[in-house]
Amino acid sequence: MAFKIKKLLSFFFLLLLQSMLFEVVMTIEESTSTTGGHWVELQRSIGISAMHMQVMYDNKVLIFDRTDFGPSNISLSHHRCRFNPRDLALKLDCTAHSVLYDLSHNTLRPLTLRTDAWCSSGALVPDGSLLQTGGFNDGYTTLRSFTPCPQHNTCDWRELPNYNLSNSRWYSSNQILPSGKIIIVGGRNSFTYEFVPKNDVPSSSFHYLPFLKLTRDSNRGEENNLYPFLHLLPDGNLFIFANRNSILFDYTTNTVLRNFPIIPGKEKRNYPSTASSVLLPLNLTGLNGTRLPEAEIMICGGAYPGTFSLANTLKIFLEASRTCGRLRVTDSNPVWVMETMPTPRVMPDMILLPTGNVIIVNGAMNGTAGWENAANPVLYPVLYRPGLIDPFPRFQLLASASTPRMYHSSAVLLPDGRVLVGGSNPHRVYDFRANPYPTELSLDAYYPEYLGIQFDSLRPSIVAVEAVNNTASYGRVFAVNISLWEYRVGGVGVTLVAPSFTTHSFAMNQRLLLLQVLAVQQVATFGYRVVARGPPSQAVAPPGFYMLFVVHAGVPSTAVWVQVK
Ligand SMILES: *[C@@H]1O[C@H](CO)[C@@H](O)[C@H](O)[C@H]1NC(C)=O
Ligand SMILES: *[C@@H]1O[C@H](CO)[C@@H](O)[C@H](O)[C@H]1NC(C)=O
Ligand SMILES: *[C@@H]1O[C@H](CO)[C@@H](O)[C@H](O)[C@H]1NC(C)=O
Ligand SMILES: *[C@@H]1O[C@H](CO)[C@@H](O)[C@H](O)[C@H]1NC(C)=O
Ligand SMILES: *[C@@H]1O[C@H](CO)[C@@H](O)[C@H](O)[C@H]1NC(C)=O
Ligand SMILES: *[C@@H]1O[C@H](CO)[C@@H](O)[C@H](O)[C@H]1NC(C)=O
Ligand SMILES: *[C@@H]1O[C@H](CO)[C@@H](O)[C@H](O)[C@H]1NC(C)=O
């Protein structure tokens, strides 16, 4: 009894403390709503528009747009000015087009991009560096890298002059492979794929992929196959989706293993009829490290045929797609299962939350991607719960944002469970005064409902990861020590989330594994030790840095970074 009272008292003290803290926080931040989560503006201006974003293992976010937009709103020190006679907008440019945003301090530092990374792609390599590929103009075949430097915080982009891409990569997609190499697929007029880094293969090597040509619409400037959706499946093959078609592809032998059925509906799903695509959580819990998990892809939104050319020429904006399709690609005869979103949406971002649910955010209700090609921003994010059984409503409208996020916006999951949202620039240059939809320099955070103080007693905190060098090795058992006020039997899950490279509504390399939990042991009054098994293979979890979350009763901890190798 005495113990119970003590526990209650300390619990209320904690609540009191938390609500005091919360009040302090609330006075300095602007909150737009308190139901279905809420939004906070982190920065009114980061000086650039967050077209591409990548969270790194030192809790900094690499953000960049393009170098041929004219002057941005953040200066570079003079010795870092960029002179480029080929630049179409500004030959001598002393402004930055990339920043490093520090999540812990809400501060940023301008970075130096030397070539144009507009509409490029990227992926983290196993050591946690970003390998970033392609772009426009002087960036078509450029490789760049950024290596985090948590110790001194002075690192910058490195352009890799010794290695160029074999084909121009503008609007391509990347995926890290089981070997730790990156495959880069497609791009405007590049119906090919190639592998990076380039250091051990002749730089001329690339492979044709006729699928990319077959899925290209060539009428009136529509393409509808750019930024193809690319997902590594647990058997090591790739799922590739473009326009309305998809294949199972063995990149080791350049073989199409199967053609999946065409997604129902007339809608086109890739740029400029931009939808989004996600590999739903890989559930390893019942598999004992031996069988491969099932894999399911979900694609949401897009635009009807002809929408792009009407928007592009006459500025008539047709309504976007309302549908999502799910395809369990590991079935012997997969069929698309279609569902209807609460609103139409083109250019959605789909981000996996640590709980395994999906948040659909950003984009517009009418039009397509491209310059001035959309109208009617969708301010409401939508939560999608893949685990719920029909006909239960799996979609839930969430708290409204206040900033339209149109073409060239992005979103990423943060290690503390928030979703970072930025960007939006449907114009050819930086246009800070355009009305509507000015070039958006702000950065917002969406706080899902699970971050609310009403869940504090259920929220686990990770005290320690009991694994050598914070490494979750393949097939090996490791433990996570957590503290938790109110334990619910059977409520503990461990998830690993690969941080995405997000641009153009596609979170490349995004991946969530629900690990097998072998035991939950109580080791102190509020202390538990969770024993879990590392992922079974490189194809299920390519090597690299992942955010490890403990989720209890639907409430996630803050993540710790672990390496999978
Ligand atoms: C950024 O915009 C603000 C407000 O318009 C302006 O005062 C400032 O000079 C701009 N900075 C740069 C580097 O362009
Ligand atoms: C890569 O491309 C750049 C720019 O086009 C060129 O200057 C450089 O020589 C190329 N490097 C190699 C190794 O081909
Ligand atoms: C994962 O798989 C296990 C075992 O099949 C099942 O009980 C559980 O409900 C699944 N979890 C989710 C989130 O789908
Ligand atoms: C799971 O694996 C353990 C050993 O790691 C084994 O003892 C047990 O029988 C396996 N269970 C199943 C259902 O395969
Ligand atoms: C969006 O589409 C709907 C349905 O076609 C139409 O009624 C509406 O006028 C469109 N909105 C804009 C801003 O074009
Ligand atoms: C985790 O908890 C157990 C039991 O209290 C303890 O023996 C172990 O040292 C803890 N591990 C770490 C890394 O703190
Ligand atoms: C752990 O990290 C240290 C320092 O980087 C390294 O020397 C050691 O070999 C690593 N241990 C394992 C088992 O990887």
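Order of listing sets the numbers, starting from 1, for every ligand and every atom in it.
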(request) Using a strict 4.0 Å cut-off to heavy atoms of Asn283, name the atoms of ligand 3 that fall inside it. (result) 1 (C), 2 (O), 3 (C), 8 (C), 10 (C), 11 (N), 12 (C), 14 (O)

(request) Scan residues 40-87 for pairs that pass disulfide (SG to SG under 2.5 Å), counting only residues two or more places apart or in two chains. (result) Cys81-Cys94

(message) Within the 4.0 Å heavy-atom shell around Asn481, which atoms of ligand 6 are there?
(response) 1 (C), 2 (O), 3 (C), 8 (C), 10 (C), 11 (N), 12 (C), 14 (O)

(message) Can you confirm whether or not the ring centre of Phe526 sits under 6.0 Å from the ring centre of Trp485?
(response) yes

(message) Just to verify, which of Phe64, Phe146, Trp118 counts as forming a ring pair (Phe, Tyr, Trp, His ring centres under 6.0 Å) with His52?
(response) Phe64

(message) If only side-chain N and O atoms count, and only distance matters, is there a donor-acceptor pair under 3.5 Å linking Tyr430 with Asp65?
(response) yes

(message) With no hydrogens and no angle check, just 3.5 Å: does a side-chain donor-acceptor pair link Ser500 and Thr502?
(response) yes

(message) Looking only at the side chains, is there a donor atom on one of Thr95 and Asp93 sitting less than 3.5 Å from an acceptor on the other?
(response) yes

(message) Please report whether ligand 6 has a polar contact with Glu466, defined as an N or O pair separated by less than 3.5 Å (distance criterion only).
(response) yes

(message) With heavy-atom distances below 4.0 Å as the criterion, list the atoms of ligand 3 near Thr285.
(response) 1 (C), 2 (O), 3 (C), 4 (C)

(message) Quick check on contacts: which atoms of ligand 6 are under 4.0 angstrom from a heavy atom of Ala464?
(response) 12 (C), 13 (C), 14 (O)

(message) Salt bridge or not between Asp87 and Arg82? Use side-chain N to carboxylate O under 4.0 Å.
(response) yes

For ligand 1, which of its N or O atoms have a protein N or O partner closer than 3.5 Å, and how long is each gap?
residue, atom, partner, partner atom, Å
ligand 1, 2 (O), Asn73, OD1, 3.2
ligand 1, 2 (O), Asn73, ND2, 2.4
ligand 1, 11 (N), Asn73, ND2, 3.0
ligand 1, 14 (O), Asn73, ND2, 3.2

(request) Grab the two heavy atoms, one from Val492 and one from Val517, that are nearest each other, plus how far apart they are. (result) O-CG2, 4.0 Å

